[in-house]
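A quick note: this is a predicted structure, and the numbers were derived from the prediction, not measured.
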Amino acid sequence: MSKITRRAAGAALLPLLAAPALQAQPAWPDRNIRLIVPFGAGGAVDTLSRIVAARFPEVANGHTLVVENRPGAGGTIAGAFTAQQRPDGQTLMMADIGANAIGKELNPSLSYDPMTAFSPIIHLVNLPSVLLAHPTIEARTTQEVIELARARPDGYTYSSAGNGNGSHLFMELFLRRAGIRMVHVPYRSGAELVTALVRGDVQFAFPSVSSALSMIREGRVRAIGVGSPAGTPLLPETRPVADVLPGFNTAIWHGILAPAGMDRELVLRINAVFARIAAMPEVVEQVARQQAGQMVPGTPEAFATHIRTEFDTWAPIIREANIRAS
């Protein structure tokens with residue numbers, strides 16, 4: 001047999017030789033899995049996590065996804081805990097921008113670097129944000145809000161769920177893009193920021209649609225503009241902020257990640273399990289109805305790119321505005 005023939009025969013055998021190795025890899029999961037959630041029970045992240053966990057046994061050999069809430073410090077308590085775990089697939093985290101992208105920008109003394117401490121698995125969902133006003137405010141559109149604020153610099157206040165929270169960053173981006181100013185009043189949670197707006201303690205806010213939807217429908221706050229360029233079917237009469245400020249795009253995002261150093265094949269197996277959940281019509285419908293969310297599963301590489309893009313978007317704003325975690 002010639003060298004070329006032997007080489008060709010060897011090449012033909014490679015898939016056969018590789019097959020037993022692939023088959024020998026253990027299934028994932030082979031036991032119950034822990035999902036670390038960076039915020040408390042009952043919030044938007046917890047709700048999403050429990051929607052996913054409810055369907056997990058169907059695609060995971062009957063095993064359970066155990067939701068473990070570790071709130072505090074803008075999500076970084078959960079982030080620090082997850083970063084210290086073994087990358088064996090037994091501990092995962094529901095990713096959040098603070099814990100897993102910009103946390104060290106907000107707190108330079110953070111014990112881990114969010115950009116290197118994790119293995120991205122899959123981007124799951126984007127939740128649209130919305131610019132809100134108290135009903136006593138005359139403005140009903142984004143342009144009218146901008147004109148009001150220009151006429152009264154520093155004459156208006158807005159609430160957030162804390163320094164460096166998405167609701168803070170979204171408004172900071174809006175103010176910078178519009179060339180206006182407002183006074184920031186931080187609170188401790190999304191519920192508190194909406195409550196402050198309902199009471200009239202502040203005049204504006206920029207939370208997620210899901211955290212304010214009931215108050216919008218009851219007329220206790222007014223929806224001015226949706227942060228996502230495509231808008232949302234849950235607020236069909238509310239135009240995107242991007243109609244006035246082209247390119248404006250703010251959304252809260254979540255996905256699944258693991259401690260850094262996870263084996264590539266294991267990353268792909270976990271990705272496949274959560275992709276199946278994200279594609280379930282019942283999950284898509286439930287997340288859209290309850291949270292105005294859009295399921296956006298993809299590859300680990302796509303999620304890594306998204307996290308990097310978010311970091312590159314928000315880090316300069318955090319530095320320029322000297323924002324620090326509360």
Side-chain angles (χ1 to χ4, degrees), residues 37-54 67 69 71 75 94 96-97 124-142 144-145 156-162 165-171 174 182 184-241 250-254 282-296:
V37 177
F39 297 97
V45 188
D46 179 72
T47 298
L48 172 67
S49 299
R50 293 179 190 281
I51 290 173
V52 172
V67 174
N69 300 90
M94 184 62 78
D96 173 78
I97 187 173
L124 283 181
V125 67
N126 287 333
L127 305 177
S129 57
V130 60
L131 175 61
L132 300 177
H134 189 268
T136 58
I137 294 294
E138 299 174 3
R140 294 180 176 274
T141 67
T142 298
E144 289 175 353
V145 168
Y156 296 100
T157 58
Y158 72 93
S159 58
S160 80
N165 179 268
S167 55
H168 181 194
L169 299 178
F170 297 163
M171 184 62 89
F174 172 70
M182 293 184 189
H184 176 217
V185 183
Y187 289 83
R188 293 178 297 180
S189 68
E192 287 188 16
L193 83 86
V194 175
T195 299
L197 182 62
V198 169
R199 287 196 305 254
D201 296 342
V202 297
Q203 292 82 49
F204 295 98
F206 215 136
S208 67
V209 169
S210 60
S211 66
L213 189 59
S214 62
M215 299 296 183
I216 294 170
R217 288 174 170 170
E218 292 169 7
R220 302 174 73 181
V221 296
R222 180 183 301 136
I224 299 292
V226 178
S228 302
T232 172
L234 294 187
L235 298 173
E237 298 180 1
T238 305
R239 299 298 306 162
V241 173
T250 56
I252 296 165
W253 53 267
H254 300 294
E282 301 87 349
V283 171
V284 172
E285 188 277 333
Q286 190 174 2
V287 170
R289 172 171 45 82
Q290 292 185 4
Q291 299 186 298
Q294 179 184 11
M295 302 302 291
V296 288

Side chain of [X], backbone of [Y]: donor and acceptor closer than 3.5 Å?
X	Y	result
Thr250	Phe170	no
Ser228	Ala230	no
Gln203	His134	no

Flag yes if more than 12 heavy atoms outside [X] fall under 6.0 Å of its [atom1] atom; otherwise flag no.
X	atom1	value
Glu138	CD	no
Arg289	CZ	yes
Arg199	CZ	yes

Value rounded to 0.5 Å, distance of [atom1] in [X] from [atom2] in [Y]:
X	Y	atom1	atom2	value
Leu48	Phe39	CG	CZ	12.5 Å
Thr141	Ile224	OG1	CD1	7.0 Å
Leu213	Leu234	CG	CG	5.5 Å
Thr232	Asn126	OG1	CG	12.0 Å
Thr238	Arg140	OG1	CZ	11.5 Å
Met171	Tyr158	CE	OH	6.5 Å

What closest approach, in Å, do [X] and [Y] show between heavy atoms, and which atom pair accounts for it?
X	Y	result
Ala212	Leu132	CB-CD1, 3.6 Å
Ser159	Ala196	CB-CB, 4.4 Å
Gly42	Thr47	O-OG1, 4.0 Å
Ala205	Leu193	CB-CD1, 3.6 Å
Val67	Ser49	CG2-O, 4.1 Å
Pro71	Gly40	CB-N, 3.6 Å

Pick from Met94, Arg50, Gln291: which one makes a side-chain contact (heavy atoms from CB on, under 4.5 Å) with Val45?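 Looking at Met94, Arg50, Gln291, the match for Val45 under the side-chain contact (heavy atoms from CB on, under 4.5 Å) is Met94.
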Flag side-chain contact, heavy atom, 4.5 Å: [X] against [Y]:
X	Y	result
Ile97	Trp253	yes
Phe206	Val241	yes
Val209	Leu127	no
Gln290	Ile51	yes
His254	Val125	yes
Asp201	Thr157	no
Val145	Met182	yes

Pairing residues for Ser160 by the side-chain contact (heavy atoms from CB on, under 4.5 Å) criterion, not counting sequence neighbours: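 Partners of Ser160 by the side-chain contact (heavy atoms from CB on, under 4.5 Å) criterion, ordered by chain and then number, come out as Ser167, His168, His184, Pro186.
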